[in-house]
Amino acid sequence: MNPLTLRAARAWISVPAPAVNRFESAKACGAHVALVDLEDSVAPAKKQHARTIAERFFDGYETSPSLLGVRINAPVLLDGIRDIAAIADWRARPDIVLVPKVESPRDLDLVAGALDADDYRPHLFALIETPRAIEQIREITRAARISGAVFGTADYATAVSCGMGWEPTLHARSAVANSVAAAGLVAIDSPYFQMDDPDGLRVEAERAKALGFHGKGAIHTRQLPVITEVFSPSEQDIADARTILGAGRDSGNHITSVGGQMVGRPFFTRAQNLLAQVDTQREGQPQ
C-alpha cells in the first residue's frame with residue numbers, strides 16, 4: 001500500500017481503462033488518488049477487454065506518488081462479478097476499490113469477501129449515487145470494511161429527476177458528510193462537470209469542504225490545483241489554529257477569547273485536528 005493516508009488524498013481523478021496511452025499521465029498529474037475506470041467510461045462491448053488491460057495501470061505502483069485504485073462495475077451485476085474475479089488474479093493490486101451503486105453494507109461485503117487476503121486488504125469506497133443509498137447511508141457507513149464514501153451527483157440527480165446544482169443535491173451531500181463523519185471515515189465530493197469554469201469549481205469545492213468533505217473528484221487535470229488548494233489549510237488557517245491552541249494552553253483549556261471571538265474546547269479540538277491534518281498532508285504525497 002502507498003503510504004499516503006486517505007485523509008491526505010484530496011484530489012481524485014480517473015482514466016478509462018481502454019485509454020492505456022493516458023495511464024502514465026494520470027498517475028503523474030498531481031492527483032492524490034488516480035483510478036482506472038471499468039464502469040461508466042467503458043462501453044458494454046469493451047468491458048472484457050477493459051478488465052484485461054486495466055492491470056497495466058498498476059505497473060510501477062511501488063514508486064507511484066499517488067494512491068492507485070480501480071472503479072469496478074456494481075458488484076450485483078455480472079460485469080462487477082467479473083471485475084472482482086479479475087482483480088483477485090492481478091499481480092499488482094489496487095490501493096483503493098471504488099464500488100458503484102452501493103445501497104447496502106452487503107455490497108461492500110461481497111467485494112471484501114472476494115478480494116481480502118492475508119497480505120491484501122484494499123480500501124473500499126462506496127459510491128453513493130441513488131436515493132436508496134441516501135436512505136441507507138447510516139448502515140452503509142457502518143459496514144465492516146468501508147474506508148469512505150464518494151458522492152455521485154450525476155446518477156443521483158438522474159434518479160431523483162432533480163437538478164445537478166448545489167441546492168438540489170444539498171440534502172444528499174449533507175447526509176453523506178454527516179454519516180461519514182459519524183463513522184470516522186473519508187468523504188469525497190462529486191466532480192464539478194464544467195471543465196472550463198475554475199471559479200464555479202472553487203465555489204462548489206469550498207461549499208463541499210464547509211459541509212465536511214475531505215476532497216473532491218476531478219474530470220480534468222486542470223481542476224486538480226483548485227481542488228488541492230481548497231481542501232488544504234491555508235497559511236492563515238494554520239496561524240489561526242496555532243493562536244487558538246496557544247490561548248487554550250494559557251487559559252487551561254477553559255473558555256477564553258481570541259481576536260474578539262469566544263473560544264472553548266470545541267475550538268481547541270478543531271485547531272488540533274487542523275494542525276494534524278497539515279502534518280498528514282505534508283507526508284508522502286504529491287505536491
Side-chain angles (χ1 to χ4, degrees), residues 6-7 9-14 31-33 35 37 39-41 71 74 98-104 107 125-142 146-234 236-237 266 270 273-274 277:
L6 294 179
R7 289 186 181 273
R10 293 148 283 163
W12 292 42
I13 200 164
S14 66
H32 304 106
V33 173
L35 303 174
D37 182 33
E39 196 208 13
D40 284 349
S41 66
R71 178 166 75 164
L98 179 58
V99 185
K101 302 298 190 297
V102 171
E103 293 186 334
S104 82
D107 298 333
F125 273 73
L127 187 49
I128 304 299
E129 50 188 344
T130 67
R132 181 173 295 176
I134 296 300
E135 289 187 345
Q136 299 297 321
I137 188 63
R138 290 180 61 190
E139 287 71 24
I140 292 170
T141 54
R142 293 171 181 169
I146 188 172
S147 293
V150 177
F151 179 63
T153 301
D155 283 275
Y156 176 80
T158 298
V160 178
S161 297
C162 70
M164 290 176 56
W166 186 257
E167 289 76 11
T169 60
L170 178 56
H171 167 72
R173 278 180 157 114
S174 298
V176 172
N178 187 79
S179 290
V180 167
L185 305 175
V186 176
I188 302 299
D189 190 37
S190 175
Y192 182 73
F193 295 100
Q194 298 298 321
M195 192 180 305
D196 298 313
D197 182 14
D199 293 336
L201 169 63
R202 181 176 295 277
V203 169
E204 186 169 281
E206 288 174 345
R207 287 172 169 173
K209 180 182 178 181
L211 275 186
F213 283 89
H214 301 95
K216 190 172 181 64
I219 61 170
H220 194 279
T221 56
R222 71 179 65 130
Q223 293 183 330
L224 295 173
V226 173
I227 293 171
T228 300
E229 179 185 345
V230 168
F231 286 95
S232 301
S234 68
Q236 187 61 54
D237 292 334
R270 186 182 181 94
N273 291 343
L274 184 143
Q277 175 189 349

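Heads up: numbering here begins at 1 and tracks the sequence.
Atoms CG and CZ, on L185 and R142 in that order, are 11.5 Å from each other to the nearest 0.5 Å. To the nearest 0.5 Å, the span separating NE2 on H32 from CG on L6 amounts to 12.5 Å. Atoms CD1 and CD, from I140 and E135 in turn, are 10.5 Å apart once rounded to the nearest 0.5 Å. Here L170 contributes atom CG and L211 contributes atom CG; the two are 6.0 Å apart, rounded to the nearest 0.5 Å. In this structure, the separation between NZ on K101 and OG1 on T130 is 8.0 Å, given to the nearest 0.5 Å. The line from NZ of K209 to CD of E204 is 15.5 Å long, rounded to the nearest 0.5 Å.
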Determine whether D40 and D155 satisfy the following criterion, side chain to side chain contact (heavy atoms under 4.5 Å, CB included), listing intermediate values before the conclusion.
CA-CA 11 Å; D40 284 349; D155 283 275; 3.9 Å; yes
Mind running side chain to side chain contact (heavy atoms under 4.5 Å, CB included) on V176 and I134 for me, showing each step along the way? CA-CA 7 Å; V176 172; I134 296 300; 3.9 Å; yes
Evaluate the side chain to side chain contact (heavy atoms under 4.5 Å, CB included) criterion for residues L224 and V226: first the C-alpha distance (whole Å), next the side-chain angles of each, then the deciding distance (0.1 Å), finally the verdict.
-> CA-CA 6 Å; L224 295 173; V226 173; over 6 Å; no
Pair R202-V230, side chain to side chain contact (heavy atoms under 4.5 Å, CB included): steps then yes or no: CA-CA 7 Å; R202 181 176 295 277; V230 168; 3.9 Å; yes
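Salt bridge status for D189 with R207: absent, with no side-chain N to carboxylate O gap under 4.0 Å.
Between the side chain of T169 and the main chain of A172, no donor-acceptor pair closer than 3.5 Å is present. Under a 3.5 Å cut-off, the side chain of N178 and the backbone N or O of S174 do not form any donor-acceptor pair.
Using a 4.5 Å heavy-atom cutoff, the side chains of W12 and P191 are not in contact. At a threshold of 4.5 Å between non-hydrogen side-chain atoms, the residues Q223 and K216 do not count as touching. Contact of the V186 side chain with the F125 side chain is registered, since non-hydrogen atoms from C-beta on lie closer than 4.5 Å. Looking only at side-chain heavy atoms (C-beta outward), S104 and Q136 stay at 4.5 Å or farther from each other.
Among all heavy-atom pairs drawn from I146 and A126, the shortest one is CD1-CB, 4.0 Å. The shortest heavy-atom contact between P100 and E129 is CB-OE2, 3.5 Å. Nearest heavy atoms, A157 versus M164: CB-CG, 3.5 Å. Here the shortest heavy-atom pairing between A177 and F213 reads CB-CE1, 4.0 Å. I128 and A149 get closest at one heavy-atom pair: CG1-CB, 4.1 Å. Heavy-atom minimum distance, F231 versus A208: CZ-CB, 4.2 Å.
Atom NE2 of H220 has more than 12 heavy atoms from other residues, nucleotides or ligands within 6.0 Å. In R222, the CZ atom is crowded: over 12 heavy atoms of neighbouring residues, nucleotides or ligands sit closer than 6.0 Å.
Side-chain atoms of T153 and S190 include a donor-acceptor pair closer than 3.5 Å.
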